[in-house]
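Just follow the structure's listing: the first ligand is 1, and inside any ligand the first atom is 1. Nothing fancy with the numbering, it's 1 onward along the sequence.
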Amino acid sequence: ATERTFSILKPDATKRNLTGAVNAVIEKAGLRIVGQRRIQMSKAQAEKFYEVHNARPFFGELVEFMTSGPVVVQVLEGENAIAKYREVMGATNPAQAAEGTIRKTFSESVGENTVHGSDSAENAKLEIAQFFQDADIAG
Ligand code: CMP
């Protein structure tokens with residue numbers, strides 16, 4: 001089925017001027033960027049977004065990184081978009097990511113891993129709603 005997923009191009013991507021290069025991989029995979037905005041995430045926004053990880057030892061580092069520079073928040077649309085985007089991103093740890101994936105190609109560490117993608121349909125809906133209004137998405 002046609003689905004929507006939520007994506008973030010993280011500060012390591014924007015800092016290295018890789019927005020277009022990452023978007024090219026996304027589009028080549030057949031995913032359509034139907035919503036996109038470049039923002040500076042606040043600490044409160046990052047803490048809310050990563051709430052499920054708030055007990056992890058890397059939580060503070062994660063929030064600090066995600067607020068260390070601009071991010072590009074996106075809504076991606078396509079056939080099985082949620083699973084497909086996770087495949088295109090590659091494993092969380094770039095050292096374990098498959099050839100040709102975004103993280104294998106661009107990421108330097110598990111913390112600074114270039115992209116985020118929703119892990120389920122339920123989270124995709126919640127995450128999209130946290131950053132987008134319906135009027136800012138055009139499929
Ligand atoms: P993301 O998919 O955005 O969701 C949680 C994030 O936590 C994950 O990507 C990583 O960037 C980050 N993360 C996971 N494991 C570690 C770790 N061991 N150290 C630092 N950050 C991590």
Novice: So, Arg4 side chain and Ala124 main chain: donor-acceptor pair closer than 3.5 Å or not?
Specialist: no

Novice: I'd like to check which ligand 1 atoms, numbered from 1 as shown, lie under 4.0 Å from a non-hydrogen atom of Tyr50.
Specialist: 1 (P), 3 (O), 4 (O), 5 (C)

Novice: Whether Glu112 and Arg16 form a salt bridge (side-chain N of Lys/Arg under 4.0 Å from carboxylate O of Asp/Glu) is what I want to check.
Specialist: no

Novice: Heavy-atom contacts with His116 under 4.0 Å: which atoms of ligand 1 show up? List them by number with element.
Specialist: 1 (P), 2 (O), 3 (O)

Novice: Measure the distances from the heavy atoms of Phe65 to every atom of ligand 1 and state whether one is below 4.0 angstrom.
Specialist: no

Novice: Please tell me whether Lys15 and Ser68 have a donor and an acceptor in their side chains that are separated by less than 3.5 angstrom.
Specialist: yes

Novice: Determine whether any heavy atom of Lys10 lies closer than 4.0 Å to an atom of ligand 1.
Specialist: yes

Novice: Among all protein heavy atoms, pick the one closest to atom 5 (C) of ligand 1 and tell me residue, atom and distance.
Specialist: His53 NE2, 3.4 Å

Novice: Does the ring of Phe131 carry Arg37 above it, NZ/CZ under 6.0 angstrom from centre and within 45° of its axis?
Specialist: no

Novice: Just going by heavy-atom distances, which of Phe49, Phe58, Phe59 is nearest to atom 19 (N) of ligand 1?
Specialist: Phe58

Novice: So which heavy atom on Ser7 is nearest to which on Leu76, and how close?
Specialist: CB-CD1, 3.8 Å

Novice: Give me the residue, atom name and distance of the protein heavy atom closest to atom 10 (C) of ligand 1.
Specialist: Val110 O, 3.4 Å

Novice: Go through it in stages, so that I can follow the logic: the residues are Glu47 and Asn54, the test is side-chain contact (heavy atoms from CB on, under 4.5 Å), and I'd like the CA-CA distance, side-chain angles, deciding distance and then a yes or no.
Specialist: CA-CA 8 Å; Glu47 283 173 348; Asn54 70 7; over 6 Å; no

